[in-house]
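Notes follow the structure.
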Amino acid sequence: MARWIGPLLALVAVVATLWLAATGKLSLYIHPRYTVFAVVMAVLGGVAVLGGCVVMLRRDARPHHHEGEHTHAHDADEIGPGLLRRPRLLRSLTVGRVLIVVGALTALLVLPPAALTSATAQSRALATSADALTAGSPQLVGGDTSQFSVKDWASLLRSGGESAVAGKTVEVSGYLLDNGDADVVYVARLMVTCCAVDAQPVGIPVYLPDWAKDHKVNSWVKLTGRFQQNPSGSGAVPVVVVPAELASIAEPDQPYVY
Amino acid sequence: MVLTREPAIAPARRRSRWRPVLVLGAVLLVLVGLRIATSGGTVSLTNAVQDFVTLSLSVVIESLPFVILGVLISTVVQLWVPDRWFFAILPRNGVLRRGVLSLLGVLLPVCECGNVPLARGLVVRGLSVPEAMTFLLAAPILNPITIVTTVQAFGWGDGIVVWRILGGFLIANFVGWLLTRHPHPDAMLTPDFQAACAAHAHDADDRTHRLSRGARMVTAEMSAVLPALFVGSALAGLIQVAISREVLVGLGGDPVLSVLALMALAFVVAMCSNVDAFFVLSLGSTFSPGAIVAFLVFGPMIDVKMLALMRTTFTARTLLIVTGVVALFVAALGLGLNLAR
Amino acid sequence: MTPWHRTLAIVVAALVVVVGGLALGNAVRPPGVVRADYDGSALVEQQGARVVLHLDRAVEGLKKADITVVPAASFSFQKSGAAVTLTFPDRLKYGVDYRLSLRLPGSGERTTLEQRIRTPWPTVRTLLRDAPDPDADQILSRSLDGGATTVDFAAPRIAEYAELPSQLAVTTLDDNGAATLQLITLPERSADTITTPEHASIDLLRSSGPSGLLGYTLTTPPGVEPALDHVLEFYDPTSAAGIGTPITGLDGQPLSVLDYVWVPGTTSLVAQATDQSLLLIDPTRGDAPVPLGSHGELRGFLPNTSTLVVADPDGGSTIDLTTGETTPLAVPGDEQPAGDYRGEVTVLDAEGRYLEVVSSPDFTRGATDFRVVLAGPDGARELYRPADDGTRIRQACLSPNAQYLAVETVSPEGRSDDYPQTPAFTAISTVVVDVSTGAVARGLPGFDPSWC
């Protein structure tokens with residue numbers, strides 16, 4: 001078992017990675033910039049592991065005494081000399097390994113791929129730093145803003161300031177995020193810098209008086225509207241999107257922004 | 001080992017030559033079939049369980065390519081790089097030698113999870129434990145990709161990049177020096193790994209069948225590292241679901257607490273050093289520069305996933321010492337920067 | 001204890017002492033400002049712009065009296081954790097070093113944090129009809145504090161222009177006097193034409209400012225179909241539709257207007273229909289227009305408010321568009337000689353301070369002398385008088401933050417330039433006058449400054 005756990009886990013992970021890549025769902029877990037790297041390494045790793053397995057199986061198949069000088073070497077690889085004298089520890093290690101393999105099989109190959117639920121997102125603070133969002137921030141002047149995502153708008157709002165977005169029309173989708181204002185709700189998405197572990201909500205403020213009455217936090221919406229001065233005058237958020245339309249939608253297949 | 005009882009006659013032998021391929025093909029088919037068979041289904045888990053699975057998997061899937069790369073490089077270094085090349089470029093003087101080793105990441109820009117197999121390979125090749133630890137701690141920070149992304153995120157202006165590089169170098173070499181004071185450096189390795197080293201020394205002269213030895217080393221290395229990776233990833237996912245991140249992020253700009261909070265966050269998030277600069281930028285506007293430097297120095301050296309991976313090689317006591325000393329040193333660095341501001 | 005354990009203990013103990021000392025040092029240090037977040041141009045261009053001061057730790061018990069802003073500006077403040085947000089309801093002054101100081105209620109002596117904020121200078125555009133190249137009219141832009149002048153657009157004859165956030169809307173005239181409405185995207189200067197009916201003249205070209213809409217009226221000469229008489233249209237430059245949308249009145253028919261004005265910072269406008277009734281309309285929404293009653297004349301908004309000033313033959317009043325409330329505006333006398341002509345009035349605040357263009361005819365010379373008078377509850381004084389006698393004032397417009405007045409002056413030798421739309425004068429230029437001192441801040445070539 002000990003000798004085979006690595007190849008088995010590797011094959012499970014490689015098959016899962018390649019299948020996710022083939023079905024376009026790899027980006028539910030990692031930033032798309034890693035897709036090529038992940039696929040290439042998965043193929044290389046898969047080939048190397050399969051090669052190793054063939055070699056190991058063939059050696060096992062050969063008469064023992066023919067290659068006797070090597071057997072103690074791979075026994076050592078397998079469990080180590082110290083453990084051979086401690087059977088209880090050895091047994092609990094074996095149970096642990098079985099658990100790891102079963103867990104990996106279930107998580108990687110049985111459960112359907114899923115994005116982070118926005119419940120987790122809700123417990124994470126809204127990304128507010130201008131600098132964070134400016135990395136690769138869009139050039140607005142003369143640029144086509146019709147394809148702007150929540151992240152593009154949020155970054156423009158933070159870096160260029162209120163005057164950079166005023167008057168622009170917005171068409172985005174995202175989930176509703178409560179930032180503690182009765183009249184202003186955020187339409188947000190999770191921004192992934194590396195993998196889903198670091199997902200961080202980014203959002204743009206939307207003027208929707210008493211929004212909590214008609215809308216549920218975390219529900220997905222499609223928003224069209226225009227940035228203008230916050231009519232509520234509370235001053236906490238100077239520029240907001242005044243919606244022309246706010247329609248409920250199902251959660252999209254690709255809920256993150258990158 | 002049932003097959004060894006078979007009479008070694010020619011047809012059976014030919015069959016046994018191809019049997020492994022058939023067995024592996026069958027295993028692969030089962031795995032792929034399992035995935036395809038279950039792909040249509042929907043399983044409704046509670047949000048917390050679903051997110052735990054998603055977060056853990058994202059760490060596994062993100063780290064796996066780096067681990068594979070590290071294993072492959074490690075195997076190549078062990079088998080194909082001659083001793084005289086490798087050790088000729090290293091100075092004999094201990095301090096200089098560790099200094100050069102801490103810069104090895106410049107040549108091998110692998111994320112920290114890939115460095116563990118590589119460091120294991122280097123120890124097998126004869127590197128001492130303090131030297132391997134210096135490499136492990138320094139390489140994730142002192143590598144071109146990390147430096148470039150940190151500069152992209154912060155620029156040279158506020159000194160964060162400089163302190164990250166300098167802090168990483170100093171701490172790695174300090175810890176390396178400290179471990180040289182240990183009376184029996186090899187005792188810091190796990191018994192299993194010591195045995196593996198001994199085995200390598202035994203057949204080091206065997207230059208035949210390098211390819212098949214390499215293939216075996218890859219699988220052996222995977223068996224050592226991957227279980228640790230899965231356990232570490234599950235831990236990272238679990239902590240993320242259990243602890244609200246706002247608790248850590250909410251501490252904001254406090255000159256003392258923010259340093260400790262971001263170090264705790266770095267330990268929990270367990271992300272690759274290549275991109276952690278962007279992550280800490282996106283976290284919030286108010287963290288003190290000392291806290292950011294602490295995050296950027298501590299995270300690549302020590303985190304949940306790294307500890308699980310390093311545990312394959314080093315004893316728990318060693319890791320406790322290294323973690324403690326690194327944490328104290330990083331805290332001093334972060335607090336010092338905040339005080340100097 | 002082995003040497004190894006001793007070394008380890010010494011190292012750990014030393015590090016613990018260092019960390020403890022540094023932590024203590026940080027803890028006793030007074031708080032500081034980590035960073036200040038603000039959008040300089042929003043501070044001078046928009047109401048309710050913010051400055052967020054990120055302190056390095058939360059401070060307790062901060063009161064408004066502990067915060068001072070120099071030079072004085074009204075503000076409100078909010079505190080959340082270690083962030084202190086100052087919101088300025090009024091636009092700040094251009095090109096001024098504001099000093100924000102926070103007196104922190106600390107233990108023992110009180111410490112003061114200071115943050116300096118430099119507001120930017122605005123870019124002012126003017127229309128130049130007597131350009132060095134006699135065949136081209138130019139739209140010039142330059143920063144108010146000086147620097148190079150840029151030609152944003154040039155065409156043989158330009159009637160009007162309006163500024164959008166990253167574009168210019170321009171009406172040009174061809175040799176026959178037919179008007180074309182174009183959108184010029186800056187800085188590339190690529191042009192798109194907004195389709196308007198053939199032979200229609202385009203007037204009252206006005207931008208809603210930061211909210212980015214364009215309004216204009218269309219009029220066709222008698223006998224030309226469709227018959228249009230100052231029909232109000234709006235255009236959304238982000239839609240790329242290429243054609244404007246008529247604005248409809250209460251009856252759902254396209255609205256003919258005498259005048260209209262955009263409500264600052266919004267997508268709404270107040271239109272004065274041909275029967276003098278005022279309607280509040282948001283053309284981007286389908287909502288019905290809100291009637292505001294009938295008034296003789298639109299006089300713009302009180303600076304930094306959504307309060308509209310209207311004038312009737314029997315006096316002025318203000319309409320607060322956030323509540324719909326109409327209040328009579330008591331305007332103090334201007335203390336000018338009875339024989340002088342009262343021209344354009346710009347009301348500065350609800351207390352009734354106002355600027356007035358006054359002209360006194362000098363029949364002995366056969367000329368008229370113009371001046372700008374600042375009047376208010378505490379008396380009236382002359383704010384600005386052109387250097388040369390006989391210089392006329394065509395119009396005067398206030399900057400959005402009410403800091404400067406742009407005055408269009410026509411030298412005595414100036415003659416009408418005979419443009420079929422928006423006629424002006426030759427020898428016309430613009431001076432920018434500081435409203436608080438009357439000092440001339442800058443002279444600009446051309447006329448129709450972007451504040452008008």
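Residue numbering restarts at 1 for every chain, and letters A, B, ... go by the order of the sequence lines.
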Heavy atoms only, distances under 4.5 angstrom: which of [options] has the most pairs with chain A? Name it, please.
options                     : value
B:Thr54, B:Leu64, B:Val59   : B:Thr54
B:Thr38, B:Val32, B:Thr75   : B:Thr38
B:Ala224, B:Pro65, B:Gly214 : B:Pro65
B:Ser58, B:Gly237, B:Pro227 : B:Ser58

| message | Please report the interatomic distance OG(B:Ser223) to CD1(A:Ile5), rounded to the nearest 0.5 Å. | response |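 B:Ser223 atom OG to A:Ile5 atom CD1 measures 7.0 Å (nearest 0.5 Å).
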| request: Can you measure from CG (B:Leu189) to CZ (B:Arg120) and round to the nearest 0.5 angstrom? | output: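 Rounded to the nearest 0.5 Å, the CG-CZ separation comes out at 9.5 Å.
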With side chains defined as the heavy atoms from C-beta onward, is the minimum distance between [X] and [Y] less than 4.5 Å?
X        : Y        : answer
B:Val225 : B:Leu309 : yes
B:Leu226 : A:Leu8   : no
B:Ser63  : B:Lys305 : yes
A:Tyr175 : A:Val217 : no
B:Thr146 : B:Pro300 : no
A:Asp178 : A:Tyr186 : no

Using a cut-off of under 4.5 Å on heavy-atom pairs, state which of [options] scores highest against chain B.
options                             : answer
A:Leu11, A:Leu50, A:Val12, A:Val192 : A:Leu50
A:Thr17, A:Thr23, A:Leu28, A:Leu108 : A:Leu108
A:Ala114, A:Ala38, A:Ala48          : A:Ala114
A:Leu109, A:Leu111, A:Leu9          : A:Leu109

So what's closer than 4.5 Å to chain A heavy atoms on [X]: side chain, backbone, both or neither?
X        : answer
B:Ile61  : both
B:Leu72  : side chain
B:Leu28  : side chain
B:Val231 : side chain
B:Val218 : side chain
B:Gln50  : side chain

Please look at [X] and chain B and tell me whether the side chain, the backbone, both or neither of the residue comes under 4.5 angstrom of a heavy atom of that chain.
X        : result
A:Ala16  : neither
A:Ala104 : both
A:Leu18  : neither
A:Val15  : side chain
A:Leu99  : neither

| field | Heavy-atom pair of closest approach, residues B:Val21 and A:Arg58 | value | CG2-NH2, 4.4 Å
| said: How close do A:Pro252 and A:Arg189 get, counting heavy atoms only, and between which atoms? | reply: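 A:Pro252 and A:Arg189 have their closest heavy atoms at CG-NH2, 3.9 Å.
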| query | Is a donor on one side and an acceptor on the other found under 3.5 Å between the side chain of A:Asp152 and the backbone of A:Ser149? | reply | yes
| request: For the pair B:Phe66 and A:Tyr34, name the ring-plane relationship: parallel under 30°, tilted 30 to 60°, perpendicular over 60°. | output: perpendicular
